S.K.: 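Take this structure first; my questions come after.
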Amino acid sequence: MIEIKKDFPLKYRNTFGLNISSHYFVETSKADKISFSLNYASYYNLPILILGGGSNILFTKDFEGLIIQPTVQGIEVIEDAPQSVTIRVGAGVNWDSLVEWCVSRGYGGLENLSLIPGNVGASPIQNIGAYGVEAKDTIVKVEGLNIITKKMAEFTNAECLFDYRYSIFKGELRHRIIITNVHFKLSKTPTLITHYGNLDEEIEKLGEKSIKTVREAVINIRKRKLPDPVELGNAGSFFKNPVVKASVFESIQGKFDKVPSFPATENHVKIPAGWLIEQCGWKGKQVGNCGVHKDQALVLVNHGNATGSEILNLAKQIQKSVVDQFGIELEMEVNIV
Ligand code: FAD
Ligand code: EPU
């Protein structure tokens, strides 16, 4: 039997710590039970939302439908080759436990993605990334249940259409696939990627370069910069870093000293949204119960009793001032519900 809970509180299931609930809620590790939940939702005509660790979601009100939280567990080695290992991981496995599992066995590829909150099932959705690495670099296959056809489906890396903070699961297949397992190919002879920001410098303080020291260094840097959601509600970067034409970047460079940037394509540049927001005077500002983090302007925070609508209003004010000052539209990274 599967238990569908009613008026289920979500305060501890969203990292903004918003005091909201879902009319119906089910957590399940079995594909057949997920199918049953889908039938239940169709029968009662309920909207469906899939929830992982709730670390990239902003609820603006109670959810008037059925939330399904896939808790599929397990890390299974499906191919052990001389140079690599391929693993199949359940959607409900905590992301950082997976990274720790890999690093402790000497399997490289995920170490730069240490300490990202959330579950494995969400990692392909926005193609999580940090410190020069993205989930797409190691994902070989994604398995999931199609909500419409109620059939299991598989997607190769190419079929996922991965891009910066994007995949087909945020595009054409948005809210259509419940990801149940993700396959990753890891290296037993990894090439370390340490060029991002001050990563190299941080690793040097720890000793010899290895996947272990990369993980440790990333954790140290992240702990210094990003607020811990347990202490201060947040969902990481609220906006994506905008990719702008080189000409737009040059005109900004004409007005400001040292504009930070990352190369995007031949004629485009990625500008850190945190810098744009800081230039607009938002860094560290509190507005009612929410605000902009004091050390990272890209992170919006809940100072205690904020509502989702208050945070969304703040986000819209920030977007407006960045348009007014720079003519650049910031796109939200966080999923608004
Ligand atoms: P949720 O927030 O629960 O869901 C996110 C989206 O995925 C929703 O649309 C949901 O419907 C969908 N979804 C979740 N699980 C499934 C599933 N099994 N099947 C289908 N759809 C699903 N992100 C980065 O990329 N890089 C970072 O460096 C980073 N740092 C962060 C730091 C902090 C402090 C915080 C709070 C967040 C950070 N994030 C970062 C954002 C977030 O952790 C990631 O996006 C993460 O992958 C979200 O996982 P989740 O399980 O919490 O997903
Ligand atoms: N910056 C500022 N002011 C700020 C914040 C940043 O000027 O308040 C400038 C600085 O020049 C800094 C640069 O922005 O050097 C980059 O900052 P940081 O290294 O903190 O990275 P980010 O671009 O703000 C991105 C990701 C993060 C990821 C880090 C590390 C996006 C939207 N965000 O942030 O991902 O952890 O790089 O790789 O791409 C997330 O997606 O939730 C997330 C936290």
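Just follow the structure's listing: the first ligand is 1, and inside any ligand the first atom is 1. In this text, all values refer to a predicted model and were calculated from it rather than measured experimentally. Computed over heavy atoms, backbone and side chain alike; hydrogens, waters and symmetry mates excluded.
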S.K.: Between Pro242, Ser237, Gly197, flag the one that comes closest to atom 43 (C) of ligand 2 by a heavy atom.
M.R.: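 Closest candidate by heavy-atom distance is Ser237.
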
S.K.: Among all the protein's non-hydrogen atoms, which is closest to atom 1 (N) of ligand 2, and how far away is it?
M.R.: Trp275 N, 3.8 Å

S.K.: Tell me, which protein residue and heavy-atom name are nearest atom 19 (N) of ligand 1, and how many Å apart are they?
M.R.: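 Protein heavy atom with the smallest distance to atom 19 (N) of ligand 1: Ile179 N, 2.8 Å.
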
S.K.: So for ligand 1, is Ser123 a polar contact partner (N or O within less than 3.5 Å, distance only)?
M.R.: no

S.K.: If the contact criterion is a heavy-atom separation under 4.0 Å, does Gln279 count as touching ligand 2?
M.R.: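 The answer is no, since Gln279 has no heavy atom less than 4.0 Å from ligand 2.
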
S.K.: Just heavy atoms, cut-off under 4.0 Å: does Phe239 contact ligand 2 by side chain, backbone, both, or neither?
M.R.: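 Answer for Phe239: backbone.
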
S.K.: Could you check whether Gln325 and Gln279, counting side-chain N and O atoms only, form a donor-acceptor pair closer than 3.5 Å?
M.R.: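 The answer is no; no qualifying pair exists.
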
S.K.: Considering all heavy atoms of both residues, which atom of Gly52 and which atom of Asn119 are nearest to each other, and what is their separation?
M.R.: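 Closest approach of Gly52 to Asn119, heavy atoms only: C-ND2, 3.6 Å.
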
S.K.: Check for a donor-acceptor pair, side chain of Glu310 on one end and backbone N or O of Leu312 on the other, with a separation under 3.5 Å.
M.R.: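 No; judged by distance alone, with no hydrogens or angles, the pair does not exist.
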
S.K.: Any chain of hydrophobic side-chain contacts (each under 4.5 Å) joining Ile128 to Phe262?
M.R.: yes

S.K.: Which residue and atom name correspond to the protein heavy atom nearest atom 35 (O) of ligand 2, and how close is it?
M.R.: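 Result: Arg165 NH2, 2.9 Å.
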
S.K.: Applying the 4.5 Å side-chain criterion to the ILVMFWY set and letting contacts propagate, would Val182 and Val99 be lumped into a single cluster?
M.R.: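 Per the 4.5 Å side-chain linkage, Val182 and Val99 are co-clustered.
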
S.K.: Leu51 heavy atoms, cut-off 4.0 Å: which ligand 1 atoms fall inside?
M.R.: 3 (O)

S.K.: Write out the residue and atom name of the closest protein heavy atom to atom 34 (C) of ligand 1, then the distance separating them to 0.1 Å.
M.R.: Asn234 OD1, 3.4 Å

S.K.: Please work out, at 4.0 Å between heavy atoms, whether the side chain, the backbone, both, or neither of Gln296 comes within that distance of ligand 2.
M.R.: both

S.K.: If you measure every N/O of Ala130 against every N/O of ligand 1, is any gap under 3.5 Å?
M.R.: no

S.K.: Between Asn14 (side chain only) and Gly54 (backbone N and O only), is there a donor and an acceptor less than 3.5 Å apart?
M.R.: no

S.K.: What residue and atom, counting heavy atoms only, is the protein's closest point to atom 50 (P) of ligand 1, and at what distance?
M.R.: Gly53 N, 3.3 Å

S.K.: Can you list the ligand 1 atoms lying under 4.0 Å from a non-hydrogen atom of Gly118?
M.R.: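 By the 4.0 Å cutoff, the relevant atoms are 49 (O), 50 (P), 51 (O), 52 (O).
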
S.K.: Can you label the angle between the Phe326 ring and the Trp275 ring as parallel, tilted or perpendicular, going by 30° and 60°?
M.R.: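 Because their plane-to-plane angle lies in the 30° to 60° range, the rings of Phe326 and Trp275 count as tilted.
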
S.K.: For atom 42 (C) of ligand 1, which protein heavy atom lies nearest, and how many Å away is it?
M.R.: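 Here the closest protein heavy atom is Ser55 OG, 3.3 Å.
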
S.K.: Quick one: look at Ala235 and ligand 1, take heavy-atom pairs under 4.0 Å, and tell me if it's side chain, backbone, both or neither.
M.R.: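 Backbone only.
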
S.K.: Hey, is ligand 1 close enough to Asn119 that some N/O pair sits below 3.5 Å?
M.R.: yes

S.K.: Among Glu134, Gln296, His175, Gln126, which one has a heavy atom closest to atom 23 (N) of ligand 1?
M.R.: Gln126

S.K.: For ligand 2, indicate whether the residue Ala130 contacts it via side chain, backbone, both or neither (heavy-atom separation under 4.0 Å).
M.R.: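 Both the backbone and the side chain of Ala130 come within reach of ligand 2.
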
S.K.: Report, as yes or no, whether the 6.0 Å neighbourhood of atom NZ on Lys188 holds more than 12 heavy atoms from other residues, nucleotides or ligands.
M.R.: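 Yes, NZ of Lys188 has more than 12 neighbouring heavy atoms, counting only those of other groups under 6.0 Å.
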
S.K.: If I apply the N/O under 3.5 Å rule, does Phe262 come out as touching ligand 2?
M.R.: no

S.K.: Just to be sure I read this right, does ligand 1 sit under 4.0 Å from the backbone of Pro70, its side chain, both, or neither, counting only heavy atoms?
M.R.: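 Side chain only.
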
S.K.: Mind checking whether Phe155 and Phe162 have ring centres under 6.0 Å apart?
M.R.: no

S.K.: Going from SG on Cys290 to CZ on Phe16, what distance comes out if it is rounded to the nearest 0.5 angstrom?
M.R.: 8.5 Å

S.K.: Could you identify the single nearest non-hydrogen protein atom to atom 21 (O) of ligand 2 and state the distance to 0.1 Å?
M.R.: Tyr196 OH, 3.1 Å

S.K.: May I ask you to list the atoms of ligand 2 that are less than 4.0 angstrom from any heavy atom of Gly236?
M.R.: 42 (O)

S.K.: For atom 4 (C) of ligand 2, which of Glu278, Glu331, Lys294 has the closest heavy atom?
M.R.: Glu278

S.K.: Would you mind listing which atoms of ligand 1 come within a distance below 4.0 Å of any non-hydrogen atom of Arg222?
M.R.: 27 (C), 28 (O), 29 (C), 30 (N), 31 (C), 32 (C)

S.K.: At a 4.0 Å threshold, what atoms of ligand 1 neighbour a non-hydrogen atom of Ile177?
M.R.: 19 (N), 20 (C)

S.K.: Return the residue, atom name and 0.1 Å-rounded distance of the protein heavy atom closest to atom 10 (C) of ligand 2.
M.R.: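 I find the closest protein heavy atom is Pro260 CG, 4.5 Å.
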
S.K.: Which residue and non-hydrogen atom of the protein lie closest to atom 6 (C) of ligand 1, and at what distance in Å?
M.R.: Asn335 ND2, 3.5 Å

S.K.: Which option, Ile67, Ile50, Ile336, owns the non-hydrogen atom nearest atom 13 (N) of ligand 1?
M.R.: Ile50

S.K.: Between Thr180 and Glu143, do the side chains contain an N or O donor and an N or O acceptor separated by less than 3.5 Å?
M.R.: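 Short answer, no.
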
S.K.: What protein heavy atom sits nearest atom 8 (O) of ligand 2, and how far away is it?
M.R.: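 Checking every protein heavy atom, the shortest distance to atom 8 (O) of ligand 2 gives Ala297 N, 2.8 Å.
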
S.K.: Counting only heavy atoms not in Lys212, do more than 12 fall under 6.0 Å of its NZ?
M.R.: no

S.K.: Is there at least one pair of N or O atoms, one from Lys240 and one from ligand 2, spaced under 3.5 Å apart?
M.R.: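 In this structure, Lys240 places no N or O atom under 3.5 Å from an N or O of ligand 2.
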
S.K.: Just to check, does Tyr164 reach to within less than 4.0 Å of ligand 2 when the distance is taken from its heavy atoms?
M.R.: yes

S.K.: Nearest 0.5 Å please: distance from the CD1 atom of Ile87 over to the CG atom of Leu110.
M.R.: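 Spacing of CD1 (Ile87) from CG (Leu110) equals 6.5 Å.
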
S.K.: Heavy atom of Pro227 under 4.0 Å from ligand 1?
M.R.: yes

S.K.: Please report which non-hydrogen protein atom sits nearest to atom 38 (C) of ligand 1, along with the residue it belongs to and the distance in Å to one decimal place.
M.R.: Pro117 CD, 3.7 Å

S.K.: Going by distance only, is there an N or O of Glu333 that falls short of 3.5 Å from an N or O of ligand 2?
M.R.: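 Min N/O separation from ligand 2 is below 3.5 Å for Glu333.
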
S.K.: Treating Thr15 as the side-chain partner and Asn234 as the backbone partner, does any N or O pair qualify as donor plus acceptor under 3.5 Å?
M.R.: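 Checking the backbone N and O of Asn234 against the side chain of Thr15, a donor-acceptor pair under 3.5 Å is found.
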
S.K.: Hey, is Arg222 one of the residues with a heavy atom under 4.0 angstrom from ligand 2?
M.R.: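 Yes, Arg222 has a heavy atom closer than 4.0 Å to ligand 2.
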
S.K.: To check you understand the geometry: which heavy-atom pair defines the closest contact between Ile211 and Pro190, and what is its length?
M.R.: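 Minimum heavy-atom separation between Ile211 and Pro190: CG2-CG, 3.8 Å.
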
S.K.: Please could you name the atoms of ligand 1 that Gly129 approaches to less than 4.0 Å, counting only its heavy atoms?
M.R.: 24 (C), 25 (O), 26 (N), 27 (C), 28 (O)

S.K.: Does Asn241 use its side chain to pair, donor to acceptor, with the backbone of Pro272 at less than 3.5 Å?
M.R.: no

S.K.: Among the heavy atoms of Arg165, does any lie under 4.0 Å from an atom of ligand 1?
M.R.: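 In this structure, Arg165 qualifies as a contact of ligand 1 - some heavy atom is under 4.0 Å.
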
S.K.: Do any nitrogen or oxygen atoms of Asp295 lie less than 3.5 angstrom from nitrogen or oxygen atoms of ligand 2?
M.R.: no

S.K.: Measuring from non-hydrogen atoms of Lys170 to any atom of ligand 1, is the shortest distance under 4.0 Å?
M.R.: no

S.K.: Indicate whether any N or O donor in one side chain lies under 3.5 Å from an N or O acceptor in the other, for Asp7 and Ser21.
M.R.: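 Result is no, nothing qualifies.
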
S.K.: Around atom 1 (P) of ligand 1, find the nearest protein heavy atom and jot down its residue, atom name and distance.
M.R.: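 For atom 1 (P) of ligand 1, the nearest protein heavy atom is Gly54 N, 3.6 Å.
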
S.K.: What residue and heavy atom of the protein are closest to atom 40 (C) of ligand 1, and at what distance?
M.R.: Ile116 CG2, 3.8 Å

S.K.: Count the heavy atoms of every other residue, nucleotide or ligand shown that sit under 6.0 Å from CD of Gln73, and state whether that count exceeds 12.
M.R.: yes

S.K.: Strictly distance-based, threshold 3.5 Å: is any side-chain N or O of Trp95 a donor or acceptor partner for the main-chain N or O of Leu113?
M.R.: yes

